[in-house]
Undergrad: 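This is the structure, below, for whatever I ask next.
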Amino acid sequence: MSLGSFLMRKTAIAVATMVAVSFLIFLALEVNIEEVAVKVLGQYSTAEQRAAWLTQNGYDDPFLIRYLRWLMNFVTGDWGQSTYFRAPVMEMILPRLAASAVLAGGALLVIVVFGLSLGVLAGMRPGSLLDRVISVISVVTTSIPDFASAVFLSGIFVFWLGLLPGASTMISGFSLRELILPVSVLGLYSMGYLARVTRASMVDVMGTHYVRTARLKGASLSRIVLRHALRNALITPVTVIMLQLPWLLSGVIVVEVFYAYKGFGTLLYDAALNQDIYLIEACAMISVLVVVVSQILSDLIYGWLNPRIDLGAKA
Amino acid sequence: MKALSRYLATPLVLIGGLLSFGWLLVAILAPLIAPYDPLQTIQPLMRPLNSGPNGEFFLLGTDMLGRDIFSRLIWGAQTVVIYSTLATLTAYVFGLSLGLVAGYAGGRTDAVLCYLANVVLSFPVLVLYIVIIVVIGASPLNIVIAVTFSSAPAIFRIVRAITIDVASRDFVNAAITQGESTLRILFVDILPNTTGPLAVDFCLRLGYTAITIGTLGFLGLGLPPPTPDWGGMVNEGRGMAIAFPHLVIFPCIAISSLTLGLSLLADGLREVNDAKERQA
């Protein structure tokens with residue numbers, strides 16, 4: 001199957017998923033129009049006000065009509081007004097998304113650099129002391145909830161050593177120092193997971209015949225790892241990196257709230273606390289979109305790294 | 001059994017088991033070992049190892065409402081054990097039965113169920129929780145519902161994959177030829193073969209669920225106060241953590257040790273399974 005038709009097929013599946021997701025989100029948040037009116041107009045609005053508002057905004061139409069209209073508006077970029085912030089939802093989300101991308105990008109960098117290298121080091125000599133130490137570190141870091149590691153890291157670096165700022169509000173402009181703690185907390189969690197995947201893949205490759213041949217030829221361990229093993233061992237981990245994005249997105253919410261970072265996560269959180277339904281709808285749609293796109297990318301990277309795999313066969 | 005005893009000898013699994021069962025024990029014995037009522041106001045913001053006006057001793061200090069943190073941690077263990085187990089079990093009931101059906105029936109049933117599972121799984125977990133909690137509100141029951149909704153699809157996938165594998169084996173064909181009912185085949189012939197991998201997943205998922213309940217509590221979207229809840233304690237104490245770090249440090253240590261214990265235990269079970277498979 002060619003790359004083109006592979007992409008077409010994946011995109012079709014992604015669109016089908018997005019349609020179902022959008023329906024679920026709309027169903028959950030807008031099936032009960034009375035509640036929509038209360039959430040938009042506030043608890044102290046009168047019944048007449050709500051009824052008038054509902055009629056004015058087309059809420060008297062059947063549910064399916066309203067859903068289709070909402071979906072069309074969403075696709076064409078009309079995401080409605082935030083009821084709490086009194087601003088167009090799209091204008092609010094885009095800068096926050098960019099801010100979160102900075103955070104997630106930094107975390108990805110940490111995850112890739114440390115996760116891959118720790119995994120390779122551990123998998124080079126399975127069963128060695130280094131392997132055990134790294135395995136323990138990865139279990140520990142992936143088991144601790146984000147908010148707890150944020151508390152621990154802040155306790156050490158902010159209160160005890162006084163080295164880093166305890167919040168990353170970026171009030172006085174962009175500051176790299178304020179990014180260190182949030183990025184580390186996010187990185188720690190996924191890094192251990194990636195290290196474990198890399199280790200397993202590395203152990204597999206180190207046991208293959210071609211690596212044994214290289215060994216019998218008398219090649220040094222570093223040469224075997226760098227020239228022979230690494231290229232095959234990294235295929236799975238690199239694919240897994242993209243699949244970490246959904247986890248990262250969940251982590252972003254916690255970390256942003258903890259460090260008062262003005263990103264997508266705090267926006268969704270504020271929207272949830274204030275029952276700002278149009279903002280929640282858009283935020284939920286965007287986060288699912290990020291996940292779906294990252295899955296396609298992960299498939300593409302896998303196919304690109306591993307030409308033995310027929311993209312069409314494994315859908 | 002041999003594999004189990006051999007594996008228990010390694011220190012990590014031992015630690016995992018001690019932590020998990022230790023917390024379970026604390027949860028069960030909470031009424032006996034907690035020195036004070038977790039909701040009772042005694043003396044606000046006492047530091048750890050201090051004594052109150054009437055000679056009360058606070059091992060881990062008190063919170064801003066004057067409640068003994070040690071007692072709240074102990075009762076919080078009960079909260080997290082009850083709700084994590086309950087939520088994980090309900091998720092298993094749905095994931096397991098749908099997975100068996102989809103894997104065994106195949107065809108259109110399978111395709112539809114897989115599609116639905118994919119749809120739910122394309123939500124980042126926390127986003128899904130937030131949407132559900134916004135719609136149905138934060139209450140103990142609703143948290144169980146939210147966890148079920150988001151965990152069941154993942155369990156479904158595992159069970160479905162194993163079922164497809166097992167259903168093609170000879171003993172299942174023999175059962176069909178004998179004229180056994182489909183229900184009997186699903187639950188008596190196929191289900192027991194899934195227990196190995198599922199035991200590992202169950203431990204891991206208990207840990208995830210504990211993390212989730214903690215995280216929701218931390219975000220202020222979890223079990224409503226004044227329920228003693230570790231995540232909620234971090235949330236309440238966060239504003240004063242600079243002056244009174246004991247408000248947040250101890251609940252964080254509690255939840256981390258529980259989730260770490262569960263994942264070490266899951267690792268141990270996985271090794272036991274692998275060893276069994278190698279022998280078979």
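Just so it is clear: chains get the letters A, B, ... in the order the sequence lines come, proteins before strands, and each one is counted from 1.
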Undergrad: For B:Ile130, is it the side chain, the backbone, both, or neither that has a heavy atom closer than 4.5 Å to a heavy atom of chain A?
TA: side chain
Undergrad: Would you indicate whether the side-chain heavy atoms of B:Leu116 and B:Leu98 approach each other to under 4.5 Å?
TA: no
Undergrad: Taking A:Ala16, A:Cys283, A:Ala284 one by one, which has the highest count of heavy-atom pairs under 4.5 Å against chain B?
TA: A:Ala16
Undergrad: Give, as side chain, backbone, both or neither, the part of A:Val158 having an atom under 4.5 angstrom from any heavy atom of chain B.
TA: neither
Undergrad: What's the shortest heavy-atom distance between B:Leu265 and B:Cys203, and which atoms?
TA: CD2-SG, 4.0 Å
Undergrad: B:Val248: what forms a side-chain contact (heavy atoms from CB on, under 4.5 Å) with it, not counting sequence neighbours?
TA: A:Val151, B:Val234, B:Ala241
Undergrad: Could you look at A:Val21 and say if it's the side chain, the backbone, both or neither that has a heavy atom under 4.5 Å from chain B?
TA: both
Undergrad: Less than 4.5 Å to any heavy atom of chain B: does that hold for the side chain of A:Phe258, its backbone, both, or neither?
TA: both
Undergrad: Closest approach of B:Leu121 and B:Ala154, non-hydrogen atoms and distance?
TA: CD2-N, 4.2 Å
Undergrad: Compile the donor-acceptor pairs, distance criterion under 3.5 Å only, formed between chain B and chain A.
TA:
{"from": "B:Tyr115", "atom 1": "OH", "to": "A:Ala16", "atom 2": "O", "distance (Å)": "2.8"}
{"from": "B:Val125", "atom 1": "N", "to": "A:Ser250", "atom 2": "OG", "distance (Å)": "3.4"}
{"from": "B:Leu126", "atom 1": "N", "to": "A:Ser250", "atom 2": "OG", "distance (Å)": "3.1"}
{"from": "B:Leu219", "atom 1": "O", "to": "A:Tyr269", "atom 2": "OH", "distance (Å)": "2.5"}
{"from": "B:Thr259", "atom 1": "OG1", "to": "A:Ser143", "atom 2": "O", "distance (Å)": "2.7"}
{"from": "B:Ser263", "atom 1": "OG", "to": "A:Ser143", "atom 2": "OG", "distance (Å)": "2.5"}
{"from": "B:Asp267", "atom 1": "OD1", "to": "A:Arg196", "atom 2": "NH2", "distance (Å)": "2.8"}
{"from": "B:Asp267", "atom 1": "OD2", "to": "A:Arg196", "atom 2": "NH2", "distance (Å)": "2.8"}

Undergrad: B:Leu221 versus chain A, heavy atoms under 4.5 Å apart: side chain, backbone, both or neither?
TA: side chain
Undergrad: I'd like to know which of B:Pro245, B:Gly214, B:Pro251, B:Gly207 tops the heavy-atom pair count under 4.5 Å against chain A.
TA: B:Gly214
Undergrad: Please identify, among A:Gly251, A:Ala20, A:Pro246, A:Gly155, the residue contributing the most non-hydrogen atom pairs under 4.5 Å to chain B.
TA: A:Ala20
Undergrad: Side chains of A:Ile25 and B:Phe123, heavy atoms from C-beta outward: is any pair under 4.5 Å?
TA: yes
Undergrad: Is it the case that over 12 heavy atoms from other parts of the model lie below 6.0 angstrom from the CZ atom of B:Phe21?
TA: no
Undergrad: Can you name the residues that form a side-chain contact (heavy atoms from CB on, under 4.5 Å) with A:Leu161, not counting sequence neighbours?
TA: A:Ile156, A:Phe157, A:Leu163
Undergrad: Could you pull out the closest heavy-atom pair between B:Ile255 and A:Ala148, with the gap in Å?
TA: CG2-CB, 4.4 Å
Undergrad: Against chain B, label A:Leu24 side chain, backbone, both or neither, depending on which of its atoms sit under 4.5 Å from a heavy atom there.
TA: side chain
Undergrad: Can you check whether B:Thr148's main-chain N or O pairs, donor with acceptor, with B:Thr90's side chain at less than 3.5 Å?
TA: no
Undergrad: Considering only heavy atoms from C-beta outward, does the side chain of A:Ile286 approach that of A:Phe264 to under 4.5 Å?
TA: yes
Undergrad: Measuring heavy-atom distances to chain B, does A:Ala271 have an atom under 4.5 Å in its side chain, in its backbone, in both, or in neither?
TA: neither
Undergrad: Kindly write out the residues that satisfy side-chain contact (heavy atoms from CB on, under 4.5 Å) with B:Leu18, not counting sequence neighbours, or none if the list is empty.
TA: none
Undergrad: Taking it one step at a time, do B:Phe94 and B:Phe156 satisfy side-chain contact (heavy atoms from CB on, under 4.5 Å)?
TA: CA-CA 8 Å; B:Phe94 286 94; B:Phe156 162 85; over 6 Å; no
Undergrad: Can you say whether A:Leu245 sits under 4.5 Å from chain B via the side chain, the backbone, both, or neither, judging by heavy atoms?
TA: neither
Undergrad: Would you mind checking which part of A:Leu289 comes under 4.5 Å of any heavy atom in chain B, side chain (CB onward), backbone (N, CA, C, O), both or neither?
TA: neither
